[in-house]
Amino acid sequence: MSYEFFIGLRYLRAKRKQTFISVNTFISVAGIFLGVAALIIVLAVMNGFETELRDRILGINSHIVLMQYDGGMKDYHIVMEKLETIDGVVASTPFIYGQAMLKNEGRVTGVILRGMSIETSADVINLGKMKEGDIASLSGEEGTTKPPGIVIGKELAQNLGVVLSDTVEILLPMGIPTPMGVIPKIKEFSVVGVFESGSYEYDSTLVFMSLENCQKFLNMKDEVTGIEIKVADIYGAGKIAKTIEQAFGYPYWARSWMEMNKNLFSALKLEKRVMFIILSLIVLVAAFNIITTLIMTVMEKARDIAILKSMGATARSIMKVFMIEGMVIGAVGTALGCLIGITVALNLEQVSRFIENLFGFKILPKDVYYLSELPSQVDYGDVAAIACVAMLICFLAAIYPSWRASRLDPAEALRYE
C-alpha cells in the first residue's frame with residue numbers, strides 16, 4: 001500500500017479513538033448512498049411502467065398494421081401468403097375496424113367493432129385474461145338460431161350491466177338506405193365472452209366478433225380493413241414495416257407499433273431523462289458535503305501536510321492523499337447505493353406491501369391507476385450510468401480541496417507551532 005493511500009484512509013477516521021468514522025465522512029457517504037439508491041429505484045419503476053404499458057398495448061394490438069390508401073383490402077389471402085416470405089414476420093391475421101353503438105335495455109354506449117379471424121388471430125394478438133366464456137364461441141354453432149356471438153371487455157360489461165349469454169343490440173349509425181330514407185341498422189348479438197386486458201381504454205370500448213359476422217354486419221362483403229402482423233423482434237418492427245412497404249408498393253402502407261404510439265413513448269423517455277437529472281441533484285448536494293469534509297480535513301491537518309512536505313512529499317503526493325479520501329467516500333456511497341437500490345427495486349412488491357401494512361394505505365389504488373402493484377424492472381445499463389455519474393461528481397468535488405492542500409506553504413503552517 002502506498003503511503004498516500006494509507007494516509008488518505010486514516011484521514012477518514014475521527015480524531016478520537018472512540019469513534020470509528022468521523023461524522024462528516026458518514027454524512028458524505030450517506031448523501032451519495034441515498035442519491036444513488038433513489039436514482040436506481042425511481043428509474044427501475046419508470047422502466048417497469050414503460051414495459052407494462054408496452055405489453056398492454058401489444059397484447060391487444062399487433063406489432064405492424066398493413067392497410068391500403070384506397071380503403072378496404074380484397075385480396076388479403078394473397079397478401080398474407082406473400083408476407084410469410086418476408087424475413088422477421090412470424091404470423092399475420094386479417095382484421096376489421098368499425099364504429100357502432102351497443103345497447104342493452106336502456107343503456108347505450110359507443111364502441112369499436114373489431115372483426116377477427118378465429119383461426120389466425122391467436123398467433124398475432126392476445127386479448128389478455130378471459131374472465132368468462134371462450135374466443136372460439138365467436139364462430140357460433142351451425143344449425144342454430146342463436147344470435148351471432150361477441151366478446152366484450154370487463155369494464156364495458158359492468159357499465160351496461162351485461163353478463164355472459166345476455167343478448168344485446170348493436171346499432172350501426174351509418175345505416176342502410178330505404179325508400180323512407182337512411183335507417184340505422186340494428187342487429188342482436190349474444191355475449192359469449194368477457195375479457196380483461198388490463199387497460200381501461202380497451203376494456204371499456206372494444207367489441208370483438210368473428211371476421212365473417214363483422215363483414216356481414218358492416219356490409220363489407222369479402223373485404224377487410226387490413227392485416228395485423230407479428231414480428232420476431234418488436235424493436236425491429238419499424239425496419240420490417242419499411243421492408244413490407246417496399247415489397248408491396250402503392251397503395252399499401254405499413255405502420256409499426258412504435259410509430260403509432262410515438263408520442264406516448266417519447267413522453268415516457270423524456271420523463272425518465274428529467275427524473276434522472278432531478279434526482280442527480282441529490283448526488284450533487286452530497287458532493288458539496290465531500291467538498292466541505294475535505295476542506296475541513298485540510299484545515300485540521302495543515303500541520304501534518306507541512307511535516308509531510310518538509311520530509312520530501314511532493315505537491316502531487318499531497319493532492320493524491322486528499323483525492324483518494326474523496327474517491328473512497330464516493331466509492332463506498334456509490335457501492336452501498338447500488339446494492340440497496342437494486343435490492344429494493346427487485347423486491348419492490350414486498351416493500352410496497354410492507355408500507356401498505358405499516359401505514360394502512362394503498363400506494364396504487366387499482367380503481368385510479370388500473371394497477372394494483374408497482375411495476376419494477378432493473379436496467380443494469382442504467383445502474384452502470386448512475387454509478388459512473390456519481391463517481392465523476394465525487395471526483396470533480398475532490399479536485400479543489402486537494403489542490404488547496406497541495407498548495408499549502410509548510411513555513412506558514414508551522415510558523416506558530
Of all heavy-atom pairs between [X] and [Y], which one has the smallest distance, and what is that distance?
X	Y	answer
L66	Y252	CD1-CB, 4.0 Å
S92	L83	CB-CD1, 4.0 Å
S62	I64	OG-O, 2.9 Å
S204	L156	O-CD1, 3.6 Å
C394	G326	CB-O, 4.5 Å
G149	F189	O-CD2, 4.4 Å

**OP:** Anything under 30° is parallel, anything over 60° is perpendicular, the rest tilted; go ahead and classify F195 against F208.
**Re:** perpendicular

Original post:
For the residue pair Y97 and F95, does the interplanar ring angle fall in the parallel (under 30°), tilted (30 to 60°) or perpendicular (over 60°) class?
Top reply: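 Correct class here is perpendicular.
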
When rounded to the nearest 0.5 angstrom, what distance separates [atom1] in [X] from [atom2] in [Y]?
X	Y	atom1	atom2	value
M258	M260	CE	CE	10.0 Å
Y76	M67	OH	CE	15.0 Å
L392	C388	CG	SG	8.5 Å
D379	I40	CG	CD1	11.0 Å
L218	Q99	CG	CD	11.0 Å
I240	I234	CD1	CD1	11.0 Å

Mark yes or no for whether [X], through its side chain, and [Y], through its backbone, hold a donor-acceptor pair below 3.5 Å.
X	Y	answer
Q68	P251	no
S402	M323	yes
R114	L206	no
Q215	E223	yes
D166	V163	yes

**OP:** Let me see the working for L211 and V224 under side chain to side chain contact (heavy atoms under 4.5 Å, CB included), right down to the final yes or no.
**Re:** CA-CA 8 Å; L211 196 70; V224 295; 4.1 Å; yes

Original post:
After noting the C-alpha distance and the side-chain angles of I86 and I229, does the key distance pass the side chain to side chain contact (heavy atoms under 4.5 Å, CB included) rule?
Top reply: CA-CA 11 Å; I86 297 177; I229 303 164; over 6 Å; no

Original post:
Yes or no on side chain to side chain contact (heavy atoms under 4.5 Å, CB included) for F322 and Y400, after CA distance, side-chain angles and deciding distance?
Top reply: CA-CA 10 Å; F322 290 94; Y400 176 71; over 6 Å; no

So do [Y] and [X] actually touch side chain to side chain, heavy atoms under 4.5 Å?
X	Y	result
I170	M209	yes
I386	L43	yes
Y202	N61	yes
I125	T93	no

Subject >> Partners meeting side-chain contact (heavy atoms from CB on, under 4.5 Å) with K239 (sequence neighbours left out) >> reply: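 Testing K239 for side-chain contact (heavy atoms from CB on, under 4.5 Å), a comparison that skips the adjacent residues, returns none.
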
**OP:** Just jot down the side-chain contact (heavy atoms from CB on, under 4.5 Å) partners of Q377, sequence neighbours excluded, or say none.
**Re:**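 Only N47, T51 meet the side-chain contact (heavy atoms from CB on, under 4.5 Å) criterion with Q377.
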
**OP:** For T120 and D123, test the side chains for any donor-to-acceptor distance below 3.5 angstrom and give the result as yes or no.
**Re:** no

Original post:
Does atom NZ of K187 have more than 12 heavy-atom neighbours from other groups under 6.0 Å away?
Top reply: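 Enclosed: over 12 neighbouring heavy atoms sit under 6.0 Å from NZ of K187.
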
**OP:** Flag yes if more than 12 heavy atoms outside E105 fall under 6.0 Å of its CD atom; otherwise flag no.
**Re:**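 No, CD of E105 has 12 or fewer neighbouring heavy atoms, counting only those of other groups under 6.0 Å.
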
Original post:
Salt bridge between E188 and K103, side-chain N to carboxylate O under 4.0 Å?
Top reply: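 No, no charged N to carboxylate O under 4.0 Å.
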
**OP:** In sequence, state the C-alpha distance, the side-chain angles, and the governing distance for R255 and E245, and then conclude on side chain to side chain contact (heavy atoms under 4.5 Å, CB included).
**Re:** CA-CA 9 Å; R255 292 290 181 274; E245 282 188 344; 3.0 Å; yes

Ignoring hydrogens and angles, write down the donor-acceptor pairs under 3.5 Å from the side chains of residues 327-345, residues two or more places apart or on other chains.
| from | atom 1 | to | atom 2 | distance (Å) |
| --- | --- | --- | --- | --- |
| T334 | OG1 | G330 | O | 2.7 |
| T343 | OG1 | L339 | O | 2.7 |

Original post:
Pick from L160, L113, T205, L171: which one makes a side-chain contact (heavy atoms from CB on, under 4.5 Å) with L102?
Top reply: L160

